[in-house]
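Step one of this worksheet: look at the structure below.
Computed over heavy atoms, backbone and side chain alike; hydrogens, waters and symmetry mates excluded.
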Amino acid sequence: YEVYRNAVVLPLRKFDGDKTYFGRGGVVDESGNYAKISAVEGRAEGAYDYDRCVYMDKKVVYCGYLTNAAWGDFLTESVARCWYFLQNDQTIQAYVFVTESVSGVSAPEGNIREFFRLLGMEDKLEILHEPTKCREVVIPQMAYSIRHYYSVQYRKIFATVIEQAMQYRGETYHQKVFLSRGNWTQNST
């Protein structure tokens, strides 16, 4: 991970001609240089000019972008920096995510919210919708990169969630669960 003081977290913005899936966004240091560690190659990378920013007097962890577009994208890209939470760094005041400007996601819902609850970090999440300067920003390396690698830390994220889910699973337990994509077009709005 890398640590930056007085860094600005940039929410995702799509610009004409961008070749990234979600657009530009991430973290710029106090000199205005883009922190490459905050990028997700081909998905969200690069800085942009902004007129103003708000100030957050907190030490935060930049977790990247929060997507609700597809469960798989959430599991592979949105949680890939959450391993830092498992380090139990008591100096961290918030775990921040950015979103696509058009999505308007203001708080995690459904399975995404449940995932963060089981991980234990639900109460420390903040979603940033405008450029925000933070007193200190920790940017963890991604523990997973599409078609490149995954790490032990990535596996620990899911092990923690599974452990918590099993601990609080309730009285009903089914030996087999069948999943179908039979009504996929009905549910993909």
Under 3.5 Å, sequence neighbours excluded: what are the donor-acceptor pairs made by side chains of residues 114-123?
residue, atom, partner, partner atom, Å
Glu114, OE1, Arg117, NE, 3.0
Glu114, OE2, Arg117, NH2, 2.7
Glu122, OE2, Arg113, NE, 2.6
Glu122, OE2, Arg113, NH2, 3.4

Restricting to side chain to side chain donor-acceptor pair (under 3.5 Å), what partner residues turn up for Lys156, sequence neighbours left out? none
Atom CD of Gln87 with >12 non-hydrogen neighbours under 6.0 angstrom: yes
Is there a side-chain contact between Val60 and Thr132, using heavy atoms and a 4.5 Å cut-off? no
Minimum heavy-atom distance Leu66-Thr99, with the two atoms named: O-CG2, 3.8 Å
So which heavy atom on Gly23 is nearest to which on Leu12, and how close? O-CD2, 4.4 Å
With a 4.5 Å limit on heavy-atom distance, are the side chains of Leu75 and Phe158 in contact? yes
Exam field: side chain Arg5 to backbone Glu30, donor-acceptor pair closer than 3.5 Å: no
Could you give all pairs that pass the ring-ring contact (aromatic ring centres under 6.0 Å, His included) test and reach residues 76-95, with sequence neighbours left out? Tyr1-Tyr84, Phe85-Tyr95
Specify the closest pair of heavy atoms between Met142 and Ala39, including all atoms of both residues, with the distance to one decimal. SD-O, 4.2 Å
With sequence neighbours excluded, tell me which residues meet side chain to side chain donor-acceptor pair (under 3.5 Å) with Thr91. Lys59, Asp89
With Glu2, which residues qualify under side chain to side chain donor-acceptor pair (under 3.5 Å), at least two apart? Tyr4
Show the nearest heavy-atom pair for residues Cys82 and Ile157, with the distance to one decimal. C-CD1, 4.1 Å
Taking only distance into account, with no hydrogens and no angle test, what donor-acceptor pairs under 3.5 Å do side-chain atoms of residues 44-56 form with protein atoms, sequence neighbours excluded?
residue, atom, partner, partner atom, Å
Glu45, OE2, Gly42, N, 2.7
Tyr48, OH, Pro11, O, 2.6
Arg52, NH2, Glu130, OE1, 3.3

Applying the 4.5 Å side-chain criterion to the ILVMFWY set and letting contacts propagate, would Val8 and Val98 be lumped into a single cluster? no
So if you build clusters from Ile, Leu, Val, Met, Phe, Trp, Tyr with side-chain heavy-atom gaps below 4.5 Å, do Val28 and Ile37 land together? no
Quick one: CG on Asp18 to CZ on Arg24, what's the gap to the nearest 0.5 Å? 4.5 Å
hydrophobic_cluster_shared for Val96 and Tyr34, side chain cutoff 4.5 Å: no
Does any non-hydrogen side-chain atom of Ile139 lie less than 4.5 Å from one of Arg81? yes
Do Ile127 and Leu10 share a hydrophobic cluster, counting only Ile, Leu, Val, Met, Phe, Trp and Tyr and linking them when any side-chain heavy atoms are less than 4.5 Å apart? no
